[in-house]
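Reminder, nothing fancy here: chain letters follow the sequence lines and each chain counts from 1.
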2 protein chains.
Amino acid sequence: MMNKSVKEFLDSVAAKTPTPGGGSVAALAGAISCSLAEMVCNLTIGKKKYASVEEEMKEMAEKMAKARQQFLQLVEEDAKAFDEVMKAYKEGGDAQAALKKASQVPYETASQCISIMNDLRVIAEKGNKNSITDAGVAALIAKAAFHSALLNVKINLKYIEDKEYKQDVEKEMKEMKEEMERKFNEVIDIVEKWL
Amino acid sequence: MMNKSVKEFLDSVAAKTPTPGGGSVAALAGAISCSLAEMVCNLTIGKKKYASVEEEMKEMAEKMAKARQQFLQLVEEDAKAFDEVMKAYKEGGDAQAALKKASQVPYETASQCISIMNDLRVIAEKGNKNSITDAGVAALIAKAAFHSALLNVKINLKYIEDKEYKQDVEKEMKEMKEEMERKFNEVIDIVEKWL
């Protein structure tokens, strides 16, 4: 899917088929955030003024590149997981198992967004200040990706019958939301200081 | 830029060059939101259950397709406007004029995001309820696009000397933020009702 042109990919989102849909878009937003974060690192590396954080920025750039690849995989996995749910309903397969899988993919996307928000704090704090708004945009997009992913977890939970599973995931989501809010605010506070 | 593959585009964001950067990403997020909104319309059109909103959904689909194209243009314009600022500083051109232009492009992105948030409310309210989370994701991404664009307006304002211009834009941004918050909440309230 990611070898399509941006234009073609957007066409396939807009098309009269449910996939790629919101779950894939959430993961793609995560990937976009990582790319922007990596740019900030790359614009910091090699600058005399930032020599003291050079090693850390190199590590962060690598981490962001890796996280981007994981998000891009989640773009594909989300579409697949949704298609499996549809198939299970149509062909009388194990819809409950398919729904659980379809809830786990966006859950993974949401977890990844929290993880990169930690890194974005470091990047905003120590990276090139000429790119501070880019770090801010990366944080805004990652937060939107997070909440988008959670909407996709929730809609799958709605149809899952296993009450214990539902309760567990709902509890985790509540904690994740609090963590995201806290971490996002840390990044934005740094960004606003420089505007 | 949009004829590149998604992978290549993300590479060009991540690269050691400031463009495409946060301003282009903001506009791209707007385009992604429109694509998803159009999908919801397309999954509503032709369904018996939604026959009463068929015409409205067709209009909305067209509107979203048009808005997407405008956002895609802003992706390119943002990179160009930033490059012009850099050029003006390096070559002793009119940096103030270039900065104003560079603040107007993301301002336009932010305005567009408010405009589509109105449409997203209609789409969430009247569109296919099987796609309600997609409408929600579209709203989340459009809101992030909006705030991302405003960060890019702000960073340019920082270097603009024309105090009246700055004050005007700051006042408008404050009003836009309130409007966005109100409109976004309207969409999300509809989405949550169906989850």
Return yes when atom [atom1] of [X] has more than 12 non-hydrogen atoms of other residues, nucleotides or ligands closer than 6.0 Å, and no otherwise.
{"X": "Lys80(B)", "atom1": "NZ", "value": "no"}
{"X": "Glu62(A)", "atom1": "CD", "value": "no"}
{"X": "Lys66(A)", "atom1": "NZ", "value": "no"}
{"X": "Lys87(B)", "atom1": "NZ", "value": "no"}
{"X": "Glu164(A)", "atom1": "CD", "value": "no"}

Where does [X] contact chain B at under 4.5 Å (heavy atoms): side chain, backbone, both or neither?
{"X": "Thr133(A)", "value": "both"}
{"X": "Ala29(A)", "value": "side chain"}
{"X": "Thr17(A)", "value": "backbone"}
{"X": "Asn130(A)", "value": "neither"}

State the [atom1]-[atom2] distance between [X] and [Y], to the nearest 0.5 angstrom.
{"X": "Ile32(A)", "Y": "Phe9(B)", "atom1": "CD1", "atom2": "CZ", "answer": "7.0 Å"}
{"X": "Leu36(B)", "Y": "Leu10(A)", "atom1": "CG", "atom2": "CG", "answer": "10.0 Å"}
{"X": "Ser12(A)", "Y": "Met39(B)", "atom1": "OG", "atom2": "CE", "answer": "10.5 Å"}
{"X": "Lys7(B)", "Y": "Met1(A)", "atom1": "NZ", "atom2": "CE", "answer": "11.0 Å"}
{"X": "Ser5(B)", "Y": "Met2(A)", "atom1": "OG", "atom2": "CE", "answer": "9.0 Å"}

(message) Donor-acceptor check, side chain of Asn42(A) to backbone of Ala15(B), threshold 3.5 angstrom: yes or no?
(response)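 No; judged by distance alone, with no hydrogens or angles, the pair does not exist.
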(request) Sort out for me which of Gly21(B), Ala37(B), Pro20(B) touches chain A most, counting heavy-atom pairs under 4.5 Å. (result)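 The residue among Gly21(B), Ala37(B), Pro20(B) with the greatest pair count is Gly21(B).
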(message) Only pairs of heavy atoms separated by less than 4.5 Å count here; which of Met64(B), Lys16(B), Glu8(B) has the most with chain A?
(response)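 Answer, by heavy-atom pair count under 4.5 Å with chain A: Lys16(B).
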(request) Can you check whether anything in residues 141-160 of chain B gets within less than 4.5 Å of chain A, heavy-atom wise, and list it by number? (result)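 Interface residues of residues 141-160 of chain B: Ile141(B), Ala144(B), His147(B), Ser148(B), Leu151(B), Asn152(B), Lys154(B), Ile155(B), Lys158(B).
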(request) Enumerate by number any residue of residues 184-195 of chain B whose heavy atoms lie under 4.5 Å from heavy atoms of chain A; in the absence of such residues, state 'none'. (result)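 Those residues of residues 184-195 of chain B which have a heavy atom under 4.5 Å from chain A are Val191(B), Glu192(B), Trp194(B), Leu195(B).
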(request) Please name the pair of heavy atoms, one in Gly22(A) and one in Asp134(B), separated by the smallest distance, quoted to 0.1 Å. (result)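 Where Gly22(A) meets Asp134(B) most closely, the heavy atoms are N-OD1, 2.7 Å.
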(request) Take Val6(B) and Val75(A), measure what side chain to side chain contact (heavy atoms under 4.5 Å, CB included) needs, and give me the verdict at the end. (result) CA-CA 12 Å; Val6(B) 178; Val75(A) 174; over 6 Å; no
